Amino acid sequence: MSFKFLYKVELKEDGEKIYIPATDGIVQAGFPSPAADYVQQNICLDDILIKNPHATYLGRVGGESLRDYGIFSGDWLLVDRSLEPLHDNIVIALVDGEYTAKQLDLRGKRPVLKAHNPDFPDIHLKDESELLIAGVVRNSIRSFL
Amino acid sequence: MFAHVDCNSFYASCEKVFRPDLRDKAVVVLSNNDGCLIARSKEAKQLGYKMGEPYFKVKEQLQRDGVVVFSSNYALYQDLSNRVMATLELICPDVEVYSIDEAFLHLKHYPYACNDFDTYASEVKHTVEKHTGIPVGVGIAPTKTLSKLANNWAKKQNGLCVIRKRSQLHYYLENTPTSDIWGIGKRLTQRLERLGITNAYQLAYADKKWLRKHYSVMLERTARELSGERCYDLEPPPAPKKEIVVSRSFGKRITEKSDLKQAVATHVTRACEKLRSQDSHAKRISVFFRTGMFNDKEEKKSRHASMLVVNPTADTRIFLKLAMQLVEHLWLDGFRWAKAGVMLTDISDNNPYQANLFCNLDYKNSDKLMGVLDAINQRYGSHSAIIASQGIDKPWSMSRDMLSPCYTTKLSDIPVFS
């Protein structure tokens, strides 16, 4: 049930208007839901996908160089800057002034940024100092629709 | 012990995070309406560009030097600032956010004598830089004033400076001019100079009672802090604002009432968003607009008025209606308006019980609707969902010709990796 008041506009002498919006009082009746005490937090994808939100950046794949690894153009990438890059990690590396997603191979003497597509060559770095990593890719997400 | 953390050339550094091609390039950031230089990367500083220089004066020089110029992108800067501050909170529980690019940490959990503050400082620096991509300087010292002084020195070395021992303190104080001390401005520097106080050491060991008597208790405290005596603790986070102001200069002058209405409507929308983000309601809205202040050929005029609602609200639609009435009321033909603004005052906390009892039928689900509006704009970028009076094309809007993408806050702008 509800009841309604009218509203009015008054003009004060100094030109300032007073505005009174129409108001209702609404009286609610009935019993609270017996399930209310059992409400739990919704499941949140962020909690599953992101470990350190303030060091995580969202990016998108714009190439096919990791296709055979299962990372396709248009996939979302969650990049965690706080992680130390390890062998086999998918990383965002700086190559020729551009960021690129590749798999890090640290087995040999010199680091290699591996592509997973015969059309794209692996990138062999001269030494550790050439390895500039902006972050480690924790997840990729693909939408099917 | 306190640590002071300061982001290096913050706005310029933000622009570089997602642009590795600019890593070693000179970058400058312009103020609103592309007015003057408000941030310079290290490389741009080396080229001799000054803070506050008007853009039109150095435009050609910047081009010749190959400097990359950006309009200010506050959405990006605020997000990266939040990330820097949150990272600091991971390292130390007691953080005071001092400004968008500065923070104090209170290292009270680390006993003065037995810890390795050099390692700690370098850990803070490297963690922030790694997690966020923003380079920072760290100064550590026994008081806030000294930690800020230490950070000034950090800038001249490797970005780190710890002042612990008496002998170190003596050296740094003697070599810091009074003008570089936190809280001491230009005029005070000159007055102190006439007394023969030209460096921090002289101030630290000046007669404190005399300073208080002839200057202020603030200066006395600064002197005590410099001598190593703690006078300031971390400030608690600020209380919700008691007034919210949104105002901008127009990209070009406004002569049509409909354009002014659009501009005011946009400011109302922004002000209400701010109001809701701090969970408050307001009762009074003021609208003001004025012509340019510095053009002698133009007649100068300034207009303002305010209106009150009885029940505090955060509903954009209510304030929009009032603001439009105010513009109608205040409008004068024949002037070239240069700036407009909106202010919300009489702010109170959002008390749901009080609000629900007396709310307009039309605005019954106000909080819910406004929540949805805010959520949409947060998710799809601001101005994705608008109230129509804001207008679609905005001839008056701020010129930001060299705006970078909102890499972290807008889905369509996120970086693409090859």
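Lettering of chains follows the sequences in order, A, B, ..., and the numbering in each one begins at 1. None of these values were measured; they are calculated from a predicted model.
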Check each atom of [X] against the heavy atoms of chain B and say whether the ones under 4.5 Å are side chain, backbone, both or neither.
X: A/I133; value: neither
X: A/I92; value: side chain
X: A/T56; value: backbone
X: A/L77; value: side chain
X: A/V95; value: neither
X: A/D80; value: neither

- request: Check whether any side-chain heavy atom of B/D79 lies under 4.5 Å from a side-chain heavy atom of B/Y77, and answer yes or no.
  value: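 No, every pair of side-chain atoms sits at 4.5 Å or beyond.
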
- prompt: Going by heavy atoms in the side chains, are B/V342 and B/I285 under 4.5 Å from each other?
  reply: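 A side-chain contact exists here, since the closest heavy-atom pair is under 4.5 Å.
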
Interface moiety of [X] toward chain A, non-hydrogen atoms closer than 4.5 Å:
X: B/L22; value: neither
X: B/T132; value: both
X: B/E129; value: backbone

- prompt: What option among A/R81, A/K102, A/H54, A/E64 has the most heavy-atom pairs under 4.5 Å with chain B?
  reply: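 Among A/R81, A/K102, A/H54, A/E64, the one with the most close pairs to chain B is A/R81.
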
query: Based on non-hydrogen pairs under 4.5 Å, which of A/S82, A/G63, A/A101 is most in contact with chain B?
result: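 The candidate making the most pairs under 4.5 Å is A/S82.
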
query: So does A/R110 have more than 12 non-hydrogen atoms from other groups sitting under 6.0 Å from CZ?
result: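 For A/R110, atom CZ is not crowded (no more than 12 foreign heavy atoms under 6.0 Å).
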
message: Tell me whether A/D96 at atom CG has more than 12 heavy atoms from other residues, nucleotides or ligands lying less than 6.0 Å away.
response: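 No - once you tally the heavy atoms of other residues, nucleotides and ligands closer than 6.0 Å, there are 12 at most.
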
query: Does the separation of the ring centres of B/F288 and B/H304 fall below 6.0 angstrom?
result: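 Ring-ring flag for B/F288/B/H304: false, centres at least 6.0 Å apart.
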
- prompt: Are the aromatic ring centres of B/Y74 and B/Y11 under 6.0 angstrom apart?
  reply: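 Yes - the distance between ring centres of B/Y74 and B/Y11 falls below the 6.0 Å cut-off.
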
Counterpart residues, side-chain hydrogen bond (donor to acceptor under 3.5 Å, both in side chains), relative to B/E43 (two or more places apart):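 With sequence neighbours excluded, B/E43 shows a side-chain hydrogen bond (donor to acceptor under 3.5 Å, both in side chains) to B/K16, B/S41, given in chain and number order.
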
- request: Report the relative orientation of the aromatic rings in A/Y57 and B/F18; use parallel for angles under 30°, tilted for 30 to 60°, perpendicular for over 60°.
  value: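 Plane angle over 60°, so perpendicular.
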
